[in-house]
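Here's the structure, in structure tokens; my notes come after.
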Amino acid sequence: MPDTTLTSDRSHDEPSPGQYDDAAGYYTAGDPIADKKAPDGPIDERWQTRKFEARLVNPANRRKLSIIIVGTGLAGGAAAATLGEAGYNVKSFCYQDSPRRAHSIAAQGGINAAKNYKEDGDSVHRLFYDTVKGGDYRSRESNVYRLAEVSTNIIDQCVAQGVPFAREYGGLLDNRSFGGVQVSRTFYARGQTGQQLLIGAYQAMERQVKLGTVTEYTRHEMLEVIVVDGRARGIVARNMVTGEIETHLADVVVLASGGYGNVFYLSTNAMGSNVTAAWRAHRKGAYMANPCYTQIHPTCIPVSGDHQSKLTLMSESLRNDGRIWVPKKAEDCTKDPREIPEEDRDYYLERIYPSFGNLVPRDIASRQAKNMCDEGRGVGPMVGDFRRGVYLDFADAIERLGEDAIREKYDNLFDMYERITGENPYEVPMRIYPAVHYVMGGLWVDYDLQSTITGLFVTGEANFSDHGANRLGASALMQGLADGYFVLPHTIRDYLSDGPFEPVDESHPAVVEAQNSVQERIEKFLSINGTRSVDSFHRELGNIMWEYCGMERTAEGLRKAIDMIRELKREFWTDLKVLGSANTLNQSLEKAGRVADFIELGELMCIDALNRRESCGGHFRGESQTEDGEALRHDDEFAYVAAWEWNGDPGSNEMGTPILHKEELVYTAIEMKQRSYK
């Protein structure tokens, strides 16, 4: 792509993106990597082909095989229920006190499926196309087509489980639209879709607990994966109540442990959400793919001060009826929004993107909100040097549909907003601002969802495979349930057909090594005896990540962030203060392990972002944008998955120089284009 398409603020003497590597010296180039499990042939036949080719396990042999699943959200809960019902012996782990508290419960807006109930032109192929386009052509087309293909099965499964999806007057399931698309394909249960879907998966799993095929381990945190002769054969977990270090062995391990958005400290994730399960696997040989791809959600309640440890999501579904605007004049930003006349309001998304309006994808809506606030037209209280907020206004919708209709759709969301802010959104426009929400990066997996560690499978947000550089709204629940109910049960049986496997004893050197590494790490945290709390390090890391690896990244800022993170890491391991002991409930100790992993992850995220000198989806490099400030990809150089290999000493806290393996992205069913929503 010629350099002349870049913005004019680039010096004419500055090299084009391909002339040098911004991240040179920060990584080592490795061999290319390929997804050898993906079948060939017409894209609409690939999943059926793979399911047929996958070897079977007869029912008698299933009873002899054991599976560990880490995580009980939609991906983990659905997988445990399905594999338990198939007859395997499943051990299910979660750090919460109940599987029902998995973070999937917090999803609000809906779940996509290509049912075409509205007869508005939807289809499996259109859902596939919208998802690939929304991900800025940085996802695998085979995986995305499979996701779109099985989406219709998910709705039928969930309805059969009793999930109370919204219905039209005649009793048919209702749909609403979401950002990045022009059809209505999102099924929803008011603003509680994640909760209702999780209850369905939880009930299915608990049925298998009752039948004895699934064993639950609550309040257990995975701290290490056990790899024996190159195969994942178990985990080391800490009982978070007693402090006991436990070893659990199996024939195969599945990670369904969610995403790593809490690396930013302030995010919409539950405060317990962490990267430790995935990062421990990464240190053992599982490649981490596209870690810089993080999603900033455009509709969150703005930061109100330095006291916060979490941000609150307002469902993207609100953009169906709410209109987003800011004052045209900076001097109006302190006025009551109801006193600002229509002619003095800038409905900037409708102005810039007339085809999609308020329904542009999340990355675009987020970036434009930031631009408005950077111009000095943000609203709400001053936080730092400027006002972090734009209006989401329902006045037109209430006038058109009536307050009762809006209340029927969004009442619990409006109630939550009023409880947090003290403002009534039926009377005063909501104030929203972007916040870290979801991650598209994660452990690299092949078409079978198996990582680069044989026998370690990864599902849901913990893997990288389906969303590219940006996730379209209502796709997370779709991927989690697709992986758990309909993909993993077919692909894992191909691996398990080689069983029963040779039993592993707890005295095996690899098991002992994993146990010892966990124990030594815990003792190290407790022995530093410095002066700073874990939370202070986490908050500082989050500030660095948001400032330099947030909504806009530059080479200069990313290099600065890497230096700051490395200094923070040095200070962490010399000045950390963890109170209490290892042999009891100790939340400070839990946080220490999670923040240590976040610090290492943060460094890799910045290196990955520095290496990718292009803008795509949620990854926006200031050096790569069009004349009108839109993201500019460079397909000739960066149409690949960045799969990073750990290159440090396993027994040390030094990451070493990570190794980059590139998986080329090839599209046969659609054509790569620069995204446009205008």
Side-chain angles (χ1 to χ4, degrees), residues 1-27 136 138 261 263-266 290-296 362-364 366-376 384-386 388 433-436 439-441 469-470 540-568 601-635 637-638 642 644 658 660 674-675:
M1 189 168 294
D3 191 40
T4 53
T5 57
L6 296 177
T7 52
S8 58
D9 62 356
R10 180 192 293 277
S11 166
H12 292 296
D13 297 326
E14 186 177 349
S16 62
Q19 291 184 247
Y20 65 81
D21 182 357
D22 286 339
Y26 289 93
Y27 75 98
D136 225 342
R138 290 294 178 263
V263 68
F264 290 88
Y265 187 71
L266 284 177
N290 299 336
C292 78
Y293 286 166
T294 55
Q295 181 174 84
I296 314 294
R362 292 175 174 180
D363 59 315
I364 292 174
S366 296
R367 198 155 52 245
Q368 290 298 347
K370 178 180 184 295
N371 291 342
M372 296 301 112
C373 294
D374 288 350
E375 289 178 12
D385 297 332
F386 61 98
R388 293 177 169 89
Y433 193 69
V436 173
V439 297
M440 287 73 67
N470 176 59
E540 185 173 344
L541 174 66
N543 289 338
I544 295 169
M545 295 301 296
W546 179 254
E547 183 68 27
Y548 301 108
C549 198
M551 276 194 278
E552 182 172 335
R553 298 99 182 255
T554 65
E556 179 184 6
L558 289 165
R559 293 190 185 102
K560 182 177 180 179
I562 293 169
D563 290 341
M564 295 173 73
I565 292 171
R566 288 175 175 175
E567 176 58 28
L568 183 69
L601 168 66
E603 182 178 342
L604 183 62
M605 288 171 66
C606 291
I607 293 172
D608 186 39
L610 185 60
N611 170 255
R612 191 172 288 275
R613 192 186 175 95
E614 67 166 350
S615 294
C616 54
H619 169 65
F620 191 82
R621 281 288 296 268
E623 302 92 342
S624 186
Q625 51 186 301
T626 63
E627 292 287 350
D628 52 356
E630 301 291 347
L632 180 62
R633 295 195 324 268
H634 298 287
D635 295 333
E637 300 170 61
F638 297 107
W644 296 91
L660 173 61
Q674 286 292 332
R675 282 197 305 169

Query raised in the report: So, Glu567 side chain and Met564 main chain: donor-acceptor pair closer than 3.5 Å or not?
Result: no
Query raised in the report: Is the shortest heavy-atom distance from the side chain of Asn611 to the side chain of Asp21 under 4.5 Å?
Result: yes
**Report entry** Exercise: identify the closest heavy-atom pair between Arg138 and Phe638
**Finding:** NE-O, 3.2 Å
Query raised in the report: Thinking salt bridges, do Asp22 and Arg553 make one under a 4.0 Å N-O criterion?
Result: no
**Report entry** Gap between atom CZ of Phe264 and atom CG of Asn543 - 0.5 Å precision
**Finding:** 11.5 Å
Query raised in the report: Backbone N or O of Leu568 within a donor-acceptor pair of the Glu540 side chain at under 3.5 Å?
Result: no
Query - Interatomic spacing from CD in Gln625 to CZ in Arg367 - rounded to 0.5 Å - result: 8.5 Å
Report task. Kindly give the heavy-atom pair with the smallest separation between Ala469 and Cys616, and that separation in Å. Result -> CB-O, 3.4 Å
Report task. Provide the closest heavy-atom pair for Thr626 versus Ala631 in the form atom of the first, atom of the second, distance. Result -> CG2-O, 4.2 Å
Requested in this report: Run the numbers on Arg613 and Glu623 for side-chain contact (heavy atoms from CB on, under 4.5 Å), then give the verdict.
Outcome: CA-CA 7 Å; Arg613 192 186 175 95; Glu623 302 92 342; 4.0 Å; yes
**Report entry** Side-chain heavy-atom pair Asn470, Gln295 within 4.5 angstrom cut-off
**Finding:** yes
Query raised in the report: Who pairs with Tyr433 by side-chain hydrogen bond (donor to acceptor under 3.5 Å, both in side chains), at least two apart in sequence or on another chain?
Result: none
Report task. Check for a donor-acceptor pair, side chain of Arg621 on one end and backbone N or O of Leu610 on the other, with a separation under 3.5 Å. Result -> yes
Query raised in the report: Which atoms form the tightest heavy-atom contact between Gln368 and Glu630, and what is the distance?
Result: NE2-OE2, 4.0 Å
Query raised in the report: Are any of the side-chain nitrogens in Arg633 or Asp635 under 4.0 Å away from the carboxylate oxygens of its partner?
Result: yes
Requested in this report: First locate atom CG of Leu541, then atom CD of Glu603, and finally report the distance between them rounded to the nearest 0.5 Å.
Outcome: 11.0 Å
Report task. Might you point out which heavy atoms bring Tyr548 and Lys560 nearest each other, and give the distance in Å? Result -> OH-NZ, 3.1 Å
Query raised in the report: Per the side chain to side chain contact (heavy atoms under 4.5 Å, CB included) rule, which among Ile544, Leu601, Leu604 passes with Ile565?
Result: Ile544
Query raised in the report: Any donor and acceptor pair, going by atom type alone, linking the side chain of His619 with main-chain N or O of Arg612 inside 3.5 Å?
Result: yes
Query raised in the report: Which pair of non-hydrogen atoms, one from Arg566 and one from Ile607, has the smallest distance, and what is that distance?
Result: NH2-CD1, 4.5 Å
Query - With Tyr27 via ring-ring contact (aromatic ring centres under 6.0 Å, His included) - residues at least two apart - result: Trp644
**Report entry** NZ/NE/NH1/NH2 to OD/OE distance under 4.0 Å, Asp374 and Lys370
**Finding:** yes
Query - Side chain to side chain, Val436 and Leu266, heavy atoms closer than 4.5 Å - result: no
Requested in this report: Just do the side-chain contact (heavy atoms from CB on, under 4.5 Å) check on Ile562 and Arg559 with the steps written out, would you?
Outcome: CA-CA 5 Å; Ile562 293 169; Arg559 293 190 185 102; 5.5 Å; no
Query raised in the report: Would you say Tyr26 and Leu660 make side-chain contact, with heavy atoms under 4.5 Å?
Result: no
Query raised in the report: Any donor and acceptor pair, going by atom type alone, linking the side chain of Asp136 with main-chain N or O of Gly617 inside 3.5 Å?
Result: yes
**Report entry** Cys292 backbone acceptor or donor facing Asp608 side chain under 3.5 Å
**Finding:** yes
Query raised in the report: Going through the distances and angles, do Phe620 and Ile364 end up as a side-chain contact (heavy atoms from CB on, under 4.5 Å)?
Result: CA-CA 10 Å; Phe620 191 82; Ile364 292 174; over 6 Å; no
Query raised in the report: Is any side-chain heavy atom of Pro434 closer than 4.5 Å to a side-chain heavy atom of Arg388?
Result: no
